[in-house]
There are 2 protein chains.
Amino acid sequence: MATNDMSPGARALLTKLDLFAKLDPQARRTLAGLLDRPQVSYERGQDLMTQGALRRDSYVILTGWAARSKTLPDGRRQILSFLTPGDAVGLFGAITPVATSSVTALSDLTAAPFAPTAIVRTIARSPQLAAALVWAAAREQEIMGEHLVSLGRRSARERVAHLFLELWARLKVRGLAGGDQLQVPLTQQIIADALGLSVVHVNRTLRQLAAEGLLAVKRESVALLDIRQLHQVTGFDEDYLMHHAMPQDLAAELARLVTHGPG
Amino acid sequence: MATNDMSPGARALLTKLDLFAKLDPQARRTLAGLLDRPQVSYERGQDLMTQGALRRDSYVILTGWAARSKTLPDGRRQILSFLTPGDAVGLFGAITPVATSSVTALSDLTAAPFAPTAIVRTIARSPQLAAALVWAAAREQEIMGEHLVSLGRRSARERVAHLFLELWARLKVRGLAGGDQLQVPLTQQIIADALGLSVVHVNRTLRQLAAEGLLAVKRESVALLDIRQLHQVTGFDEDYLMHHAMPQDLAAELARLVTHGPG
DNA sequence: CGACTATTTGAGGAGTGTCAAGAGTAGTGG
DNA sequence: CCACTACTCTTGACACTCCTCAAATAGTCG
């Protein structure tokens with residue numbers, strides 16, 4: 001099955017999973033079967049999923065950004081992760097009946113819906129796709145781990161610099177950012193909620209980094225002016241983003257399964 | 001296959017996965033085949049896995065505690081998660097050749113080793129086990145998400161109280177803690193590294209909570225003296241620990257797969 | 001233009017970190 | 001059984017990062 005026969009949702013997910021492995025026809029067929037429903041649109045600020053509410057559909061994001069967040073009873077909010085095109089919303093949604101976090105559109109966005117329980121069928125039908133989904137889960141865990149380091153052990157200055165370097169690296173590898181420029185629909189309040197800081201302090205930190213010539217923040221876009229020094233400020237090392245293909249031994253194991261069947 | 005025919009590693013993992021679903025014979029056979037190597041021992045302080053080093057075996061922890069952590073170039077350390085019996089070390093280890101975090105024994109411990117690539121074969125052979133592994137991954141993500149909330153938005157006092165309530169809930173559901181007492185091999189330095197605080201401040205916070213009669217900290221053990229008030233301090237809600245079985249619809253989907261095959 | 005929303009700046013304070021030193025608490029070896 | 005060593009834990013004094021409150025400025029969109 002050629003890429004252009006697939007739905008937009010399948011293509012978006014495929015683009016991401018291709019970072020990890022070139023999916024075989026069986027995997028592509030399974031993927032296409034999963035994502036065969038018409039796409040949906042959300043406006044900025046709307047929830048694709050609400051903390052405490054019953055789960056509905058899962059999605060693959062096609063265009064736009066979203067944030068997964070948890071809110072405490074007194075209103076304090078922590079953003080757990082940013083979701084960009086190709087990322088899944090509620091991939092493991094079938095497992096808990098009630099959502100433990102919210103997913104909110106940060107910009108107008110479009111997404112491809114799918115049934116949460118479909119993930120099991122998907123895993124059973126294509127070992128290669130199963131491995132790719134495990135990879136995607138592992139990658140999310142890596143990113144959350146690096147965020148834990150930021151929140152626990154990095155200064156405000158380091159957190160801000162690290163966030164932009166991460167977003168830049170994530171967008172670049174999927175062709176969504178070029179040069180030192182990136183389009184990000186993030187307000188300072190959103191950055192604050194992601195980094196565990198107050199809006200006021202985020203503002204001061206951004207202005208300080210700008211004054212030092214490290215970056216320039218414009219409305220909904222950021223320019224990284226001195227990437228070398230930004231790396232030094234944070235000790236940024238993009239290994240955790242897992243922008244590389246499957247290791248040899250895993251590929252060999254998979255090939256054996258595909259050839260001889262799972263038995 | 002009866003439980004007592006299995007290796008200790010398979011039994012430990014099974015005990016954990018049973019929180020989610022009663023595994024069928026096919027799943028149990030697959031699990032037993034995965035964990036058929038002799039167990040290994042580590043002393044307190046030793047690494048089961050070292051950040052920056054090539055990956056070796058993966059493990060299921062049988063007895064004792066471990067911590068997964070990342071260390072910055074200047075020595076600052078952040079603990080990402082605590083691992084207790086039944087938890088897996090490097091479950092997704094086959095996917096990245098180099099370890100992005102360390103796993104260190106917090107007490108003397110024993111573990112059952114397995115080949116990292118075996119996870120793929122496991123997924124292909126038993127859809128039920130695959131679903132259980134996805135559940136385990138989703139649960140880890142939930143716990144990390146709650147830790148992000150702690151580090152980003154909770155005060156020292158709230159973080160400490162929340163940590164002990166979490167550990168207590170996790171141990172109790174596996175029968176490793178009774179009453180209001182829990183055995184934890186945690187020094188104040190380790191608690192500090194987990195909560196993103198300094199040792200000094202952890203000490204002050206613990207003493208304050210003790211002075212208020214909320215908990216009593218003894219050498220390697222903690223007593224939660226006023227659980228109701230501890231819940232109030234933190235707004236603790238254990239839903240995120242996913243101590244419940246598989247939802248109906250997912251169970252139905254799985255049953256269909258097991259009966260009619262993945263085709 | 002008017003109503004919002006987002007950004008920016010100032011002043012003062014609370015929460016945590018750092019540095020330093022003393023007191024417990026094992027474990028080790030003579 | 002007692003010194004000796006190495007961790008831990010505890011406490012005090014002080015500094016600093018970051019937060020809160022408040023208000024002005026700048027964008028954005030109907």
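Within every chain, numbering begins at 1; the chains are lettered A, B, ... in the order of the sequence lines, protein sequences first and strands thereafter. Just so it is clear, the values below take in all heavy atoms, side chains as well, and ignore hydrogens, waters and symmetry mates. All figures in this text were calculated on a predicted structure; none of them were measured in a lab.
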Salt-bridge test for B:Glu158 and B:Arg153: reply yes if a basic N is under 4.0 Å from a carboxylate O, no otherwise. no
If only side-chain N and O atoms of B:Arg207 are considered, is one of them under 4.0 Å from the OP1 or OP2 phosphate oxygen of D:dT11? yes
Considering only heavy side-chain atoms of B:Ser155, the closest of D:dC18, C:dT16, D:dC19 is C:dT16
Taking CG from A:Leu151 and C1' from D:dC18, how many angstroms apart are they, rounded to a whole number? 14 Å
Taking OP1 and OP2 of C:dA6, is either one under 4.0 Å from a side-chain nitrogen or oxygen of A:Arg219? no
Closest to the B:Ser198 side chain: C:dT9, D:dC9, C:dT18? C:dT18
Nearest-Å distance, CG (B:Leu195) to P (C:dG15)? 18 Å
Ionic contact status for B:Arg77 with B:Asp193, cut-off 4.0 Å: yes
Among C:dT16, D:dC18, C:dT9, which nucleotide sits nearest the side chain of B:Ala156? C:dT16
When we call it a touch if two heavy atoms are under 4.0 Å apart, what does A:Arg153 touch: a base, just sugar-phosphate, or nothing? nothing
Can you tell me which nucleotide in C:dA6, C:dT8, D:dT10 comes closest to the side chain of A:Asn203? C:dT8
Between D:dC19, C:dT16, D:dT28, which one does the side chain of B:Leu197 approach most closely? C:dT16
Just the rounded figure in Å: distance from C1' of C:dG27 to CD of B:Glu220. 14 Å
Rounded distance in Å - CZ (A:Arg76) to C1' (D:dC19): 13 Å
Using a strict 4.0 Å threshold on nitrogen-to-oxygen distance, state whether B:Asp87 and B:Arg174 make a salt bridge. yes
Can you tell me the distance, in whole Å, between the CD1 atom of A:Ile190 and the C1' atom of C:dT7? 14 Å
Given DNA chain D, 5'-ward residue of the pair B:Arg204 and B:Gln189, judged by closest heavy atom: B:Gln189
Using a cut-off of 4.0 Å on non-hydrogen atoms, how would the nucleic acid contact of A:Val200 be classed: base, sugar-phosphate, or nothing? base
Gap between atoms CD and C1', on A:Gln188 and D:dT25 respectively (whole Å): 13 Å
Rounded to whole angstrom units, what separation is found between the CZ atom of A:Arg154 and the C1' atom of C:dT16? 19 Å
At what distance, to the nearest 0.5 angstrom, does CD of B:Gln188 lie from CG of B:Leu195? 11.5 Å
Whole Å only: how far is the NE2 atom of B:His201 from the C1' atom of D:dT17? 13 Å
Residue from A:Leu83, A:Leu48, A:Leu35, A:Leu109 passing side-chain contact (heavy atoms from CB on, under 4.5 Å) with A:Tyr59: A:Leu48
Look at all strands and tell whether B:Gly45 reaches a base, only sugar-phosphate, or nothing, counting heavy atoms closer than 4.0 Å. nothing
